Amino acid sequence: MSKVILILGGAGAQNSAVARELAKNESFSIKLLSRSIQSEECLSLAKIPRISLVKGDCYDEDTLISAFEDVNAVFVNTNGFAIGEKAELFWGIRMYEIAYWAGVTHFIYSSLPYVSKKSGFNPKYRVPFVDGKAKVVDYLKAQSTDKMNWSVLESGPYPESHLSTWSPSKGDDGVYVFRMPIEADGAMALVGLTDLAWFARYMFENPKEFEADLLSVGIDHVTGNAIAAAFTAVTGEPARFEPLPLSVVAGTWPDTKVGLGGSPGYADPTLKTMAGHFVPWFTIWQESGGNKGLWTKDYARLDKIHPGRMKTIEDWMRSVNYSVEKYPSALKTGIFG
């Protein structure tokens with residue numbers, strides 16, 4: 001039977017990847033709600049069979065009520081950078097409530113782990129754009145699945161963004177140098193967009209397998225040295241990794257809040273600056289080497305579900321033809337992952 005899937009949160013990097021992957025299933029019809037359906041990405045998506053665009057603001061109740069008509073399932077990925085933690089928490093819950101009322105049968109929420117909760121709410125690890133989503137997941141865990149199944153797809157930093165912002169520069173000695181604000185023993189749980197989208201499709205295809213369940217996807221906990229080694233393996237060019245002091249990097253970030261003017265929550269005083277988001281973000285990664293610490297992944301479970309998934313950063317680099325040329329960032333807001 002055909003299934004109509006609504007994607008909320010615009011046509012950003014993650015939602016576009018998910019839409020393209022869902023369209024591979026001929027029994028799915030995809031509706032993507034966006035305020036800018038004439039954007040380059042939306043126009044590209046509109047050319048794909050079974051993808052249709054709906055113009056509207058997903059942070060508006062009347063629009064949501066209309067968009068949910070005749071929808072079987074929904075994928076929600078709100079933009080915490082654009083709207084802030086408070087608005088993301090409210091709209092994540094409100095989208096669930098409207099979906100439930102409208103008769104949707106499967107609600108998939110794209111989230112990030114509640115790291116600061118695991119740390120005892122230590123401000124050192126509090127990342128607003130992470131915590132906002134995680135608090136919505138706590139709400140979902142209190143809901144039954146008697147009428148509408150819910151599932152969580154947990155993400156992480158995209159190499160499509162991270163390895164654009166922190167792309168290598170060629171030194172006078174001919175060696176390409178990756179400079180990033182983590183030490184050699186730190187690691188980032190990178191999440192490739194095509195892999196994430198594959199798991200999203202699998203979850204929609206197998207809803208009972210993920211009833212009231214959370215699946216945390218990713219490639220691997222990747223160190224700076226592993227990135228440099230993968231670059232050499234893929235391009236044949238020599239490379240090395242050099243840690244950058246986080247305090248020095250943070251001093252170069254603009255002292256303005258992250259967000260988009262006109263979005264809900266932008267005027268709220270709780271919106272943080274780049275340093276407010278990314279100093280704790282990189283602090284977490286510095287303490288995550290070896291898939292330990294506050295942000296961990298069950299890679300064995302991912303292997304069981306998708307044996308052909310990306311398992312190394314070299315796999316990802318080969319899949320996107322990563323080269324000595326600067327890789328274009330997948331994020332539309334200009335914020336790195």
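Nothing here was measured: the structure is a model prediction, and the numbers come from that model.
Side chains of Asn225 and Thr223: no donor on one and acceptor on the other come within 3.5 Å. Of the N and O atoms on the side chains of Arg20 and Thr194, not one donor lies less than 3.5 Å from an acceptor on the other residue. Looking at His106 and Ser151, their side chains do bring a donor and an acceptor atom within 3.5 Å of each other. In this model, a donor atom of one side chain and an acceptor atom of the other lie less than 3.5 Å apart for Asn77 and Lys133. With no hydrogens or angles considered, a side-chain donor-acceptor pair links Trp316 and Glu160 at under 3.5 Å. No side-chain donor from either of Glu154 and Ser111 sits under 3.5 Å from a side-chain acceptor of the other. The closest side-chain donor-acceptor pair between Asp57 and Thr63, if any, does not fall under 3.5 angstrom. Between Asn79 and Glu88, the side chains place no donor N or O within less than 3.5 Å of an acceptor N or O (distance only, hydrogens not considered).
In this structure, the side chains of Leu43 and Lys47 stay at 4.5 Å or more apart for every pair of heavy atoms.
Looking at residues two or more places apart in sequence or on another chain, you find a salt bridge (charged side-chain N to carboxylate O under 4.0 Å, His left out) between Glu205 and Arg201. Take Lys304 and apply the salt bridge (charged side-chain N to carboxylate O under 4.0 Å, His left out) test, not counting sequence neighbours, and it matches no residue.
Using a 4.5 Å cut-off between side-chain heavy atoms of Ile, Leu, Val, Met, Phe, Trp and Tyr, with links allowed through other members, Val175 and Leu244 fall into different hydrophobic clusters.
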Got a list of side-chain donor-acceptor pairs under 3.5 Å for residues 134-143, not counting sequence neighbours?
from: Lys135; atom 1: NZ; to: Glu85; atom 2: OE2; distance (Å): 2.5
from: Asp138; atom 1: OD2; to: Lys117; atom 2: NZ; distance (Å): 3.0
from: Gln143; atom 1: NE2; to: Tyr139; atom 2: O; distance (Å): 3.1

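Between atom OG1 of residue Thr312 and atom CG of residue Asp220 there is a gap of 8.0 Å, rounded to the nearest 0.5 Å.
Put simply, the side chain of Tyr176 never gets that close to the backbone of Phe231: no donor and acceptor are under 3.5 Å apart.
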